[in-house]
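Structure, as structure tokens:
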Amino acid sequence: MSAGPEADAQLMRYAAHLGIADPDAPLLAATAGSVDPVAQINCAARLGFAGITDNGLKARTPEVQRRMGVALRDHGMEMGSFTHNVLGMEPPFFWGAPITDMEAAMASSLTAAEHVGGGCINAVLLDCGAPLAEQLARATENFAAATKLATERGVALAVEMVSRERVPLALVERLADIGAIARWAGVGLILDSCHCHCAGEDMAAAIVAQADILAAVQIADMPGRVQPGAGVIDFAPIMAALRTIGWGGLVEAELMPKVQGVEGEAAAIAALRALG
């Protein structure tokens, strides 16, 4: 995140979230003085964020999505990742189950991306109860079909490695398995420090090993999904790995300040700046 117009070009390009599990609980709620997505984008721009991420994007009205797109373009900001299946607000979406009409299944995500001007659709593999091998085969086929549609619309599609501790319905949680699925299906890979930590995975090593398919990077400290430095995760190797591969994408701050309010949000922003 830059500190202003003359910021060091080597600093990472951070994205502020507009809600992780709750669309009305964005990163900068107190600082912006409003949870309105456009107010959040304007505030994030003033603070030097390069983009936003919004798990609840699909659940927002088309009018709000369009307003967000205008604000992002006005500020020269980038739309980051958003979830295809808004957990807690939609029925679970199973990539490993038969999908008879992929265009219909992808329509709302692709339309939302069009309204905001792009982004990366975040797909999570959930267990529908069928045999594992059957689900993996179907998921690979479904991802390939969905990727074709997304590519035609200029939108990225990526699968996120999630831990069963955080997402109990996760079909697989080993990073090697998710990486293999992504490669087989021709989709990107999303890495999240929270999920990597909970699953006992080395995120820094994964960044280097999976650099060619890495589509999005999300950071939060644990426990509590708080700002870096407020938990137990060592972010130095993670940030070093990103620099090693020359990561130019967004680093999505999918975290909640450990302390609520303006001061707590300022501390979270300072923690991001400290990472470089």
Side-chain angles (χ1 to χ4, degrees), residues 1 12-23 26-28 35-45 49-87 89-90 93 95 102-125 142-143 145-162 182 185-192 213-220 247-255:
M1 181 175 59
M12 288 294 168
R13 300 175 60 244
Y14 291 100
H17 75 78
L18 302 191
I20 302 173
D22 181 352
L27 175 62
L28 304 172
V35 300
D36 174 73
V38 173
Q40 286 289 309
I41 291 170
N42 292 338
C43 181
F49 283 93
I52 61 154
T53 176
D54 184 14
N55 283 348
L57 177 66
K58 272 180 57 183
R60 303 191 191 279
T61 67
E63 178 189 358
V64 169
Q65 293 170 358
R66 291 188 185 96
R67 289 175 53 229
M68 291 169 61
V70 170
L72 289 170
R73 288 190 294 275
D74 286 348
H75 291 296
M77 296 173 73
E78 182 179 338
M79 180 67 210
S81 69
F82 64 94
T83 53
H84 176 65
N85 185 203
V86 186
L87 297 178
M89 300 181 69
E90 297 179 315
F93 186 91
W95 288 96
M102 185 59 73
E103 288 195 24
M106 294 295 295
S108 57
S109 286
L110 293 175
T111 299
E114 181 180 354
H115 289 163
V116 297
C120 176
I121 300 172
N122 181 340
V124 176
L125 271 174
N142 288 332
F143 278 142
T147 297
K148 183 176 183 296
L149 293 174
T151 301
E152 291 171 353
R153 303 281 282 272
V155 182
L157 176 66
V159 59
E160 181 177 2
M161 175 265 157
V162 296
V187 299
L189 176 68
I190 297 175
L191 294 177
D192 182 313
I213 60 170
L214 192 60
V217 175
Q218 301 173 341
I219 60 171
W247 179 249
L250 296 174
V251 176
E252 299 177 352
E254 204 174 76
L255 58 90

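Predicted model only: the values in this text are computed from it and were never measured.
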>> Assess whether a salt bridge exists between Lys148 and Glu152, defined as any Lys/Arg side-chain N lying under 4.0 Å from an Asp/Glu carboxylate O.
In response: yes
>> Quick check against the 3.5 Å criterion: does Arg13 have a side-chain atom that pairs as donor or acceptor with the backbone of Gly51?
In response: no
> Going through the distances and angles, do Leu191 and Leu214 end up as a side chain to side chain contact (heavy atoms under 4.5 Å, CB included)?
Replying inline: CA-CA 8 Å; Leu191 294 177; Leu214 192 60; 3.7 Å; yes
>> side chain to side chain contact (heavy atoms under 4.5 Å, CB included) for Glu160 and Leu189? Distances and angles first, verdict last.
In response: CA-CA 6 Å; Glu160 181 177 2; Leu189 176 68; over 6 Å; no
> When rounded to the nearest 0.5 angstrom, what is the spacing between OG in Ser108 and CG in Asn85?
Replying inline: 9.5 Å
>> Could you go through Ile190 and Met161, starting from their C-alpha distance and side-chain angles, then the distance that decides it, and tell me whether this counts as side chain to side chain contact (heavy atoms under 4.5 Å, CB included)?
In response: CA-CA 6 Å; Ile190 297 175; Met161 175 265 157; over 6 Å; no
> Tell me, do Leu110 and Leu149 make a side-chain contact under 4.5 Å, heavy atoms counted?
Replying inline: yes
> Can you check whether Ile20's main-chain N or O pairs, donor with acceptor, with Glu254's side chain at less than 3.5 Å?
Replying inline: no
> Between CD1 of Ile121 and NZ of Lys58, what distance do you get to the nearest 0.5 Å?
Replying inline: 8.5 Å
> Is the backbone of Glu252 close enough, under 3.5 Å, to the side chain of Thr53 for a donor and an acceptor to pair up by distance?
Replying inline: no
> If you look at every heavy atom in Ala182 and Gly188, which pair is closest and at what distance?
Replying inline: CB-O, 3.9 Å
> Just by modelled atom types, is the Trp95 backbone N or O under 3.5 Å from a matching donor or acceptor in the Asn142 side chain?
Replying inline: yes
> So, does Glu90 use its side chain to make a donor-acceptor pair with the main chain of Val86 at under 3.5 Å?
Replying inline: yes
>> To check you understand the geometry: which heavy-atom pair defines the closest contact between Ala185 and Phe143, and what is its length?
In response: CB-CB, 3.4 Å
>> Rounded to the nearest 0.5 Å, what separates atom CZ in Arg73 from atom CE in Met68?
In response: 11.5 Å
> Is the closest side-chain heavy-atom distance between Val217 and Leu250 below 4.5 Å?
Replying inline: no
> Would you say the side chain of Pro23 lies within less than 4.5 Å of the side chain of Met89, judging by non-hydrogen atoms?
Replying inline: yes
> Which pair of non-hydrogen atoms, one from Pro26 and one from His17, has the smallest distance, and what is that distance?
Replying inline: C-CE1, 3.6 Å
> Are side-chain N/O atoms of Ser81 and Gln218 paired as donor and acceptor at under 3.5 Å?
Replying inline: yes
> Can you tell me how far the CZ atom of Phe49 sits from the CD atom of Glu78, to the nearest 0.5 Å?
Replying inline: 14.5 Å
>> Using every non-hydrogen atom in the two residues, find where Gly186 and Thr147 come nearest and quote the distance to one decimal.
In response: O-CG2, 3.8 Å
>> With salt bridge (Lys or Arg N to Asp or Glu O under 4.0 Å) as the rule and sequence neighbours excluded, what pairs involving residues 14-23 come up?
In response: none
>> Return the CD1 to CG distance between Ile41 and Asp74, rounded to the nearest 0.5 Å.
In response: 10.0 Å
> Distance from Met79 atom CE to His115 atom NE2, nearest 0.5 Å?
Replying inline: 13.5 Å
> Quick one: does Ile52's side chain get under 4.5 Å of Gln40's, heavy atoms only?
Replying inline: no
> Looking only at heavy atoms, which two atoms of Phe82 and Gly118 are closest? And how far apart?
Replying inline: CE2-O, 4.2 Å
> Have His84 and Asn122 got a donor and an acceptor in their side chains that come within less than 3.5 Å?
Replying inline: no
> Val187 and Ala158: which non-hydrogen atoms are nearest, and at how many Å?
Replying inline: CB-CA, 4.4 Å
> Taking C-beta and beyond as the side chain, do Val155 and Cys120 meet within less than 4.5 Å on heavy atoms?
Replying inline: no
> Run the side chain to side chain contact (heavy atoms under 4.5 Å, CB included) check on Tyr14 and Ile219 step by step: do they pass?
Replying inline: CA-CA 10 Å; Tyr14 291 100; Ile219 60 171; 4.0 Å; yes
